[in-house]
Protein chains: 2
Amino acid sequence: MTADRRPGMSGRNGIRPTMKDVAAAAGVGLKTVSRVVNGESGVTPEMAARVQAAIGVLGFRRNDSARLLRTGRTASVALLLEDIGDPFSSALSRAVEDVAVAEGCLLFTGSSAEDPARGRELALAFCARRVDGLIVVPAGDDHQYLLPEVESGTPVVFLDRPGTGIDADAVLSDNAGGARAGTAHLIAHGHRRIGFVGDLPTIHTAAERARGYREAMAAAGLPVAERWIDCGPTDRTRVAAAVHRLTTGPDAVTALFTANNRVTLAALHHLPAAARPALVGFDDLELADLLTPALTVVAQDPVALGALAARRLFDRLAGDTTPPMHLEIPTLLIPRGSGETPPAN
Amino acid sequence: MTADRRPGMSGRNGIRPTMKDVAAAAGVGLKTVSRVVNGESGVTPEMAARVQAAIGVLGFRRNDSARLLRTGRTASVALLLEDIGDPFSSALSRAVEDVAVAEGCLLFTGSSAEDPARGRELALAFCARRVDGLIVVPAGDDHQYLLPEVESGTPVVFLDRPGTGIDADAVLSDNAGGARAGTAHLIAHGHRRIGFVGDLPTIHTAAERARGYREAMAAAGLPVAERWIDCGPTDRTRVAAAVHRLTTGPDAVTALFTANNRVTLAALHHLPAAARPALVGFDDLELADLLTPALTVVAQDPVALGALAARRLFDRLAGDTTPPMHLEIPTLLIPRGSGETPPAN
DNA sequence: CTGAAAGCGCTTACAG
DNA sequence: CTGAAAGCGCTTACAG
């Protein structure tokens with residue numbers, strides 16, 4: 001409430017001085033202030049000192065938004081995630097941020113929150129701000145709305161899943177390979193009837209993981225009963241029902257491949273450790289190594305994913321005009337106990 | 001590489017049309033374009049149609065950065081975290097984002113990454129962009145550099161810990177109360193010698209939790225041996241050493257209060273379940289309920305913290321000039337098993 | 001070495 | 001209803 005200046009304090013309440021103000025206070029031209037602020041050469045020490053003094057008295061700080069408008073770029077990139085509150089997204093975010101900061105860029109983040117419309121709004125809002133580039137974990141099944149932005153010169157890199165209806169860079173995990181490795185691991189430990197519980201098959205990663213499961217079974221010459229494959233929403237209720245169906249009855253499976261972290265969590269909660277078949281989960285979980293038995297997983301590398309996507313984006317910004325590419329990051333099978341138990345019967 | 005227009009596609013490579021271009025194409029004045037773009041009334045249908053047609057042909061999209069320069073605000077806020085990659089920070093982030101989006105603002109996020117200098121650079125970079133406001137999880141022990149920004153009219157809300165050297169809004173967990181409850185819980189289950197393993201005492205939350213521990217002991221009339229309190233960095237090695245020291249020897253404690261999630265994790269890894277004393281941890285962990293025994297925790301509510309901080313910020317932006325306030329969010333004791341075992345001796 | 005002019009892409013008054 | 005002018009706070013040419 002007190003609008004008076006306190007001793008030793010520069011700046012006044014709610015009033016940001018501009019270069020024009022500094023120029024007037026120092027009795028110099030606007031351009032000279034600009035030169036001093038930006039550390040350009042060719043200013044006499046006397047002039048520079050006068051400007052610096054005025055800057056100090058007024059508490060001037062350059063308005064970067066205005067500067068960037070003139071410059072043509074915004075020195076900012078945006079990262080659109082599924083939900084920045086989940087561990088996978090936040091790990092991606094940190095990796096992207098580190099590259100962005102190293103490149104002198106600030107980072108906008110946003111969550112589509114399982115709502116393709118919100119994702120679209122956010123993506124277009126970022127573009128309207130003229131972010132230099134956009135990294136998108138795509139939600140929904142149509143990303144053509146980004147085409148005009150890409151054609152107007154805003155590079156887009158898809159992360160975790162490819163975009164639909166638009167040919168752009170994508171950085172993905174080796175989902176099929178990871179599922180293949182996890183399934184083969186169960187097979188190697190003697191299992192022949194293996195259940196697959198996954199996400200909605202319309203989701204690219206889910207489909208790829210199901211493919212990897214089938215390939216591993218086929219490679220081992222094992223038949224797959226379609227009943228063993230249960231894909232759908234990942235809420236607790238549905239996963240619990242799927243797990244129950246697969247693990248009971250005369251043709252119960254002896255092992256389970258749970259194809260993402262939410263499915264794994266739900267399965268673990270539904271199955272008491274004693275009644276649990278062999279289990280391998282896609283995605284690592286904190287504390288997974290402290291469970292009894294410890295949880296065997298196919299781990300993704302979100303840091304590598306985020307860093308590579310960011311690299312791709314900044315390479316595009318640096319002028320790379322090669323055709324769009326799809327890059328894959330390997331997964332890692334981490335045996336810890338739950339996936340190494342032999343079939344019960 | 002192909003700069004030619006494809007049928008059905010509007011916009012050309014790398015060239016963003018401006019309102020001026022649209023006005024020229026439509027043969028109208030700039031202001032008329034502005035009216036149509038912003039949905040203002042007072043434009044004849046014919047004019048509007050001509051403008052819309054030109055917008056479509058050229059693929060015009062308003063540059064919000066330019067608009068906001070004229071408007072004086074940026075419709076963006078920034079959230080400075082410790083590390084957006086950790087679960088607590090990311091939960092805060094999501095909560096802040098939801099409020100920001102509802103307020104029509106975009107969100108910058110950044111991580112100080114345990115480096116006060118990086119935190120400072122990021123905070124000032126956000127201010128230089130003239131974000132409308134700033135939410136800061138403060139790192140380091142001096143935040144006076146934010147004073148000029150606050151006085152220039154950029155509201156700052158501190159989150160999780162108060163800022164130092166600056167009087168501003170702060171939204172905090174009831175750290176002392178949570179630690180008091182956790183410690184009292186152990187006392188209620190018969191423990192008299194309780195160890196406290198915490199973070200560096202220079203960190204506000206760590207100091208508050210230690211205070212809560214002492215208060216609970218005092219309230220129960222129990223003496224506290226200073227050896228039972230071990231504060232320091234939260235790396236595995238140091239925590240393991242602390243836990244080892246506390247839980248062995250003639251005066252070993254019968255229960256442990258681990259004062260944050262990293263300490264709890266390290267303690268769980270160091271202590272085999274069989275040799276584990278009663279344990280209550282500050283901060284909830286995913287899978288905590290699936291451990292054997294399940295983990296009793298004092299849970300914070302990051303969603304409430306983030307939402308309240310964002311509310312505070314937008315209230316300031318709406319003109320609230322009441323004195324800075326410190327708001328506290330309660331914690332929740334969740335008994336699951338590890339904190340309900342009686343003393344071994 | 002220094003600075004007045006024009007412009008980045010919009011909006012805000014203000015005339016017609 | 002419509003639009004020319006001025007301005008948001010800077011930088012980019014371009015003269016002195």
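Each chain gets a letter, A, B and so on, in the order its sequence line appears, and its residues count up from 1. Here the structure is a predicted model, which means the values were calculated and not measured.
Side-chain N or O atoms of T18(B) include one that pairs as donor or acceptor with a backbone N or O of K20(B) at under 3.5 Å. D132(A) places a side-chain N or O within donor-acceptor distance of the main-chain N or O of A75(A), the cut-off being under 3.5 Å.
Judged by distance alone, the side chains of N38(A) and R67(A) never bring a donor and an acceptor atom under 3.5 Å apart.
Between the CG atom of L69(B) and the P atom of dG7(D) there is a distance of 14 Å, given to the nearest Å. When the C1' atom of dT12(D) is taken as reference, atom CZ of R67(A) falls 13 Å away, rounded to whole Å. Spacing between atom CD of E40(B) and atom C1' of dT2(D) amounts to 12 Å, rounded to whole angstrom units. Protein atom CZ of R129(A) is 14 Å distant from nucleotide atom P of dC10(C), rounded to whole Å. One can place CZ of R130(A) at 9 Å from P of dG9(C), the figure rounded to the nearest angstrom. In this structure, the CD atom of E46(B) is 13 Å from the C1' atom of dT2(D), given to the nearest Å. Atom CD1 in I55(A) sits about 10 Å away from atom P in dC10(D), given to the nearest Å. One can place CG of L68(A) at 16 Å from P of dC8(C), the figure rounded to the nearest angstrom.
Going from atom CD1 of I135(B) over to atom CZ of R312(B) covers 11.0 Å, rounded to the nearest 0.5 Å.
Contact annotation: S34(B) side-chain N/O to dT11(C) OP1/OP2 distance is under 4.0 Å. Note on R62(A): a side-chain N or O is less than 4.0 Å away from OP1 or OP2 of dT11(D).
Side-chain to base pairing of R35(B) with dG3(D): one donor and one acceptor N or O lie within less than 3.5 Å of each other.
Ring geometry for F126(A) versus F108(A): interplanar angle of 30 to 60°, hence tilted.
Within the shown strands, dG16(D) is the pairing partner of dC1(C) under the Watson-Crick or G-U definition, both distances less than 3.5 Å.
The side chain of T18(B) has dG9(C) as its nearest neighbour among dC10(D), dG7(D), dG9(C). Checking dC1(D), dG7(C), dG9(D) against the side-chain heavy atoms of T44(B) singles out dC1(D) as nearest. Comparing dC10(D), dC10(C), dG3(D) against the side chain of L30(B) picks out dC10(C) as the nearest. Proximity note for K31(B) (side chain, C-beta onward) versus dC8(C), dC10(D), dA13(C): the nearest is dA13(C). Closest to the side chain of V28(B), out of dG7(D), dG3(D), dC10(D), is dG3(D).
Contact annotation for V43(A): backbone-only contact, meaning every heavy-atom pair under 4.0 Å involves sugar-phosphate atoms and none involves a base. At the heavy-atom level, N38(A) lies under 4.0 Å from the strands shown only through sugar-phosphate atoms.
Comparing M47(B) and T71(B), the nucleotide of DNA chain D nearest to each residue sits closer to the 5' end for M47(B).
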